[in-house]
**Student:** 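For reference, the structure I am asking about is given below.
Not measured: the values here are computed from a predicted model.
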Amino acid sequence: MRILSILLIGALSLSPPSLASDTQSLEPKPNLDRLDALLTGLESQGFSGAVAAGFVGGPQRVEAYGLADREAGRAYRADTVQTMGSITKPMTAAAILVLVEQGDLAVDQTLVDHFDGVPAEKQGITLHQLLTHSAGFPGGIGPDNEAIGADEFLERAFAAELEFEPGSGYAYSNTGYSLLGILIERVSGQGYESFVREFLFEPLGMTSTGYLLPEWDESRRALGYRDGEPWGEVFNRGWREDGPGWHLRANGGLHTTVEDMRRWVKLLRGEGLLDAEAVARWTKGYVDEGGGDSFYAYGWAVSDSPMGKLISHNGGNGIYSADFLWFPERDFYLYIQGNSATVPAANLRPMLLSALLDSDFPLPPDIPGDGNPDRAERLAGEWSGEAGRLSLKPDGSRLIAEATGPQLLRALNNVPAEKAESLDRFDQRTRTILERIDVGSDEVLKGFTDEEMAARSERLIALFERFPEGAEVKLVGSLTIAPGGRFAEYGAVGSYIRIKAGIGTRIATVLWQDDGNYRGTALGPASDLPGMILVPTESGGFRGVERQPPWRQVSVNIEGDCLAIASVRLCREAD
């Protein structure tokens, strides 16, 4: 259900028309209609959320899709509020720079300049290192929903073992940004939320952004969904009276709307309390994030893109997610947020940019569902046959298909029979890797890579050692990676391994080159698997749609207690 479609021309008067005109004339020129068409198709597959994008002083677009509250049938709107996750970090960094501008802080100051009881190995850590994740603090020291106070947080943070000598590496750290938030409170004499509201949000007109102070009506807040089930909210989940505990505060969890994030662009253009020099310091890439193509600034990741310099950050907790992109050379911004793990907003960046810039990028089909969850509920459960096993989970009126077995995965993805033999080869290579890991071999990549075999084997083994003993590890199958897919830049074929443990389900994607050489392995959420979303059709069956380009489709016909998918037949398992 599409609920909002607005074309905005010059709605943000942030720059002279001549600047917008000049930047819009550069090629490639973003196509906002195609952006909407992409998200409309993804709405059919389960995306719900909102997007704001466009040229400052020129064409802009705000769209909303799906439902903010499925049980109440409440539509997602441009003023719907949800968490932005770690996009909180650039806001914390901006607050630090406001204090620098006021003469209350300097980024070369150290922890010992502001805190008592700092252990010797941490006394030289600078604010610059905290801002750039180069201090060595661990990613986290406790769960987001623990209502921990500042004093106890400081005690745990100072006791935590550093991952490397400060200034000698990079490790993304929520802990470091919470320390910056505590520092903001101590130096300013205000609560963290009160400070960022007064000095950042209110001057920009961002009246709906915060933890508690906006006092949103409950009917404006989006509920989160995972596997079709209501997960609830980050809002007030184990929070203290004045907001979240310090495992989350200042590093994540701020709530906002797409309309407010359009206004956030003003600060990046030097039109808030940060002047041009401060904005340049805020958005300069300082520390290599590890791949040589992205550098961490003060709360931002800075990289190159087809539209020039890209300043960005994403965030999420596996249910809610968001992504913010700013292209200063084009005066173009994009902010997207969503409340469902079925189609996570933070995973869509490659497709969003492809749809905006590439007129040949294939758009997903817009398949209107019937909106009735009863049919999906009736088919939910386990189905099996010679080709493999299929688990169907309801997601509103849709079904999320989770396949196990290469033949079934290929049937669901409508892979031509002539390609099966080639993909079988990659399946076998991946099985060999898993067998070698299982027996404790330290040469799991022997024969599959020519470069740094020992080191790469060690890293791959370490990836699987993250999971507890007894975790269920199963090869799902291999597929060709389509152009525009998440891993298209890294490999030609992906072999997908599902790992189920107490912490949830993860997908390890083993990436291969065409010649059979190992390229690397990515560990990500369950949505990394290019599975199918089954959308109900008017004929009484379902149509399976691939979650990524080229959006292959397959008919799913119901035949009593069995399903027919291409040449595959599966029957319901007995309870």
**Student:** Quick one about D366 and T40 (side-chain donor to acceptor, distance below 3.5 Å, no hydrogens or angles considered), yes or no?
**Tutor:**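 The criterion, which ignores hydrogens and geometry beyond distance, is not satisfied for D366 and T40.
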**Student:** Ignoring hydrogens and geometry beyond distance, is a side-chain donor-acceptor pair present between R456 and Y518 at under 3.5 Å?
**Tutor:** no
**Student:** Please evaluate residues T256 and V81 with respect to the criterion side chain to side chain contact (heavy atoms under 4.5 Å, CB included), reporting the C-alpha separation (whole Å), side-chain torsions for both, the decisive distance (0.1 Å), and the verdict.
**Tutor:** CA-CA 5 Å; T256 194; V81 175; over 6 Å; no
**Student:** How long is the span from the CZ atom in F47 to the OG atom in S340, to the nearest 0.5 Å?
**Tutor:**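 Spacing of CZ (F47) from OG (S340) equals 9.0 Å.
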**Student:** Please confirm whether F487 and W512 have ring centers closer than 6.0 angstrom.
**Tutor:** no
**Student:** Taking the six-membered ring where the residue is Trp, are the ring centres of F332 and W326 under 6.0 Å apart?
**Tutor:**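 When the ring centroids of F332 and W326 are compared, they turn out to be at least 6.0 Å apart.
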**Student:** With sequence neighbours left out, what residues match H255 under side-chain hydrogen bond (donor to acceptor under 3.5 Å, both in side chains)?
**Tutor:**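 Residues passing side-chain hydrogen bond (donor to acceptor under 3.5 Å, both in side chains) with H255: none at all.
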**Student:** Can you confirm whether or not the ring centre of F324 sits under 6.0 Å from the ring centre of H313?
**Tutor:** no
**Student:** Before you tell me yes or no, could you show the steps for Y333 and R262 under side-chain hydrogen bond (donor to acceptor under 3.5 Å, both in side chains), namely the whole-Å CA-CA distance, both residues' side-chain angles and the distance that decides it to 0.1 Å?
**Tutor:** CA-CA 8 Å; Y333 70 93; R262 291 175 57 237; 3.2 Å; yes
**Student:** Considering residues, nucleotides and ligands other than E458, do more than 12 of their heavy atoms fall under 6.0 Å from its CD?
**Tutor:** no
**Student:** Before you tell me yes or no, could you show the steps for L348 and M351 under side chain to side chain contact (heavy atoms under 4.5 Å, CB included), namely the whole-Å CA-CA distance, both residues' side-chain angles and the distance that decides it to 0.1 Å?
**Tutor:** CA-CA 5 Å; L348 298 179; M351 283 193 279; 3.7 Å; yes
**Student:** Please indicate whether E71 has more than 12 foreign heavy atoms, meaning atoms of other residues, nucleotides or ligands, lying under 6.0 Å from its CD.
**Tutor:** yes
**Student:** Should the pair Y170 and Y296 be assigned to parallel (<30°), tilted (30 to 60°) or perpendicular (>60°) ring geometry?
**Tutor:** tilted
**Student:** T404 and R498: side-chain donor and acceptor closer than 3.5 Å?
**Tutor:**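 Side-chain D/A pair, T404 to R498: present.
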**Student:** Under the salt bridge (Lys or Arg N to Asp or Glu O under 4.0 Å) rule, what do R221 and E233 come out as? Steps first, then yes or no, please.
**Tutor:** CA-CA 9 Å; R221 301 197 309 264; E233 297 184 78; 2.7 Å; yes
**Student:** Identify every side-chain donor-acceptor pair in residues 555-565 under 3.5 Å, counting partners at least two apart or on other chains, and give the distances.
**Tutor:**
residue : atom : partner : partner atom : Å
E559    : OE1  : R569    : NH1          : 2.5

**Student:** Give a yes or no on this: more than 12 heavy atoms of other residues, nucleotides or ligands lie within 6.0 Å of atom CG of D514.
**Tutor:** no
**Student:** In terms of side-chain heavy atoms, does S86 have a donor or acceptor partner in Y172 at a distance below 3.5 Å?
**Tutor:** yes
**Student:** Under 4.0 Å between a Lys/Arg side-chain N and an Asp/Glu carboxylate O for R429 and D424?
**Tutor:**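 No, this pair does not count.
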**Student:** Evaluate the criterion side chain to side chain contact (heavy atoms under 4.5 Å, CB included) for residue pair T342 and Y225; output intermediate values, then yes/no.
**Tutor:** CA-CA 8 Å; T342 302; Y225 294 86; over 6 Å; no
**Student:** Considering the options R547, K500, K474, which one meets the salt bridge (Lys or Arg N to Asp or Glu O under 4.0 Å) requirement together with E402?
**Tutor:**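 With E402 as partner, R547, K500, K474 yield a single salt bridge (Lys or Arg N to Asp or Glu O under 4.0 Å), made by K500.
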**Student:** Evaluate whether atom CZ of F295 has more than 12 neighbouring non-hydrogen atoms of other residues, nucleotides or ligands under 6.0 angstrom away.
**Tutor:** yes
**Student:** Is there a side-chain contact between V510 and I497 in this structure, where contact means two heavy atoms from C-beta onward sitting under 4.5 Å apart?
**Tutor:** yes
**Student:** Got a salt bridge between D33 and R61, using NZ or NE/NH1/NH2 to carboxylate O under 4.0 Å?
**Tutor:** yes
**Student:** I'd like to check D395 versus R70 (side-chain heavy atoms, cut-off strictly below 4.5 Å). Are they in contact?
**Tutor:** yes
**Student:** CG of L248 to CG of N145: how many Å apart, nearest 0.5 Å?
**Tutor:** 9.0 Å
**Student:** Between D427 and R410, does at least one N-O distance fall below 4.0 Å, as a salt bridge requires?
**Tutor:**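 The answer is yes: the pair qualifies as a salt bridge.
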**Student:** Between R389 and E573, does any side-chain N to carboxylate O distance fall below 4.0 Å?
**Tutor:** yes
**Student:** Hey, could you give me the CZ/CG distance between R226 and N317, rounded to the nearest 0.5 Å?
**Tutor:**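 CG of N317 is found 8.5 Å from CZ of R226.
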**Student:** Quick one: CG on L353 to CE on M307, what's the gap to the nearest 0.5 Å?
**Tutor:**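 Between atom CG of L353 and atom CE of M307 there are 6.5 Å.
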**Student:** In plain terms, say whether E443 and R436 are close enough for a salt bridge, that is, a side-chain N and a carboxylate O under 4.0 Å apart.
**Tutor:**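 Salt bridge between E443 and R436, a charged N being under 4.0 Å from a carboxylate O: no.
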**Student:** Do the side-chain N and O atoms of S294 and S303 include a donor-acceptor pair separated by under 3.5 angstrom?
**Tutor:** no
